[in-house]
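Here the structure is laid out as structure tokens; the discussion comes afterwards.
Scope of the values below: all heavy atoms of this structure, side chains included, with no hydrogens, waters or symmetry mates.
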Amino acid sequence: MRERTGRVGALVLAGLLVACGVVGCAGKGERPQDQAAPVSVSEGPTGEAPVDEAADEPSPSASAVAAMGAAPSRKPSASPTPSKKPTRSTSAAPKPRAVAKPPTETKVPPPPPKPAPASCKPTYKGTQASRADVKAALSAAAGRTYWPGSAPELKVPLDLVKATAWQESGWQSNIYACDGGVGLMQVMPGTATWMNQRFEQSYDIADYRDNAYLGANYLAWLTKYIGDMYFEADYRLDADLCTAELDSCLLNAVISAYNYGHGAVAQEGEPLAIPNPSYVRNVRALMTECVCLGY
């Protein structure tokens with residue numbers, strides 16, 4: 001639920017890739033395209049900003065940043081099970097349509113807010129959840145099926161949820177950004193209200209567990225929305241389906257839209273757009289190299 005602007009503050013995060021701020025975009029407004037992914041965050045005292053541990057995060061490899069294409073090759077299993085053949089092969093992955101189909105949903109999230117002043121610093125409210133609790137919340141959120149009726153096969157990868165939360169907040173559950181973004185997934189209040197109405201839920205944006213669900217649910221909504229418009233309802237978010245072109249796969253489009261909003265990425269009758277390449281590269285690199293994956 002974000003579409004946001006650069007937010008972060010002097011608290012935690014050293015750039016993982018390009019120089020960017022910590023707090024990212026769930027349903028927020030447009031932010032600088034060169035937003036660096038946060039590096040490593042230690043947990044400070046209750047209700048206080050965390051301590052900077054930027055040195056803990058290794059620099060991303062050239063392949064993760066420059067290549068920006070398929071994830072590292074995976075070795076095939078020694079004895080594949082014939083009965084578990086995928087319904088769609090990687091070679092059959094559809095290329096994005098030259099122009100989008102009409103959207104399947106006409107009620108969409110609110111537009112992003114205006115960027116916050118660069119001098120503004122984020123604030124903290126309440127108690128910061130432990131890394132173990134955050135990990136459990138993000139894992140539970142990624143494990144849900146958000147479209148059980150029309151797209152039960154649509155899944156939000158756990159590494160995508162973890163990487164997005166790290167890019168957005170450094171896994172800080174009690175951070176409030178200047179542009180209005182809240183918590184782990186930096187969900188915008190307006191987006192949260194829209195999501196609750198759209199899916200008949202009552203998620204509390206201030207609760208880190210509900211915040212994780214809101215963020216993952218928004219990623220799932222973007223996957224369905226963009227997948228229907230450009231990818232012939234193929235909802236796979238596999239890095240293997242991406243080429244060196246940023247607009248080649250649904251994964252990159254969903255990451256981009258989480259930051260800049262669906263309207264900046266997908267428009268009826270228009271080609272797929274990736275207006276924030278640095279943000280996409282940051283999250284893609286974090287999906288394989290983030291220190292948070294080891295928590």
With sequence neighbours excluded, tell me which residues meet side-chain contact (heavy atoms from CB on, under 4.5 Å) with L158.
S139, A142, K162
Contact check, side chains of [X] and [Y], non-hydrogen atoms, under 4.5 Å:
X	Y	answer
M188	P112	no
Y146	Y213	yes
L138	M185	yes
P115	D179	no
N252	E245	no

[X] and [Y]: same hydrophobic cluster, using ILVMFWY side-chain contacts below 4.5 Å?
X	Y	value
Y225	W147	yes
L293	L160	no
I226	V99	no

Using the salt bridge (Lys or Arg N to Asp or Glu O under 4.0 Å) criterion, which residues pair with E270? Sequence neighbours excluded.
none
Geometric cation-pi criterion K101 and Y230, 6.0 Å radius, 45° cone:
no
Assess whether a salt bridge exists between R97 and E232, defined as any Lys/Arg side-chain N lying under 4.0 Å from an Asp/Glu carboxylate O.
yes
Taking R198 first and then E105, would you say they form a salt bridge - that is, a charged N and a carboxylate O separated by under 4.0 Å?
yes
Sub-3.5 Å donor-acceptor pair from the side chain of W171 to the main-chain atoms of L184, do we have one?
no
Donor-acceptor pair, side chain of D210 and main chain of D204, under 3.5 angstrom:
yes
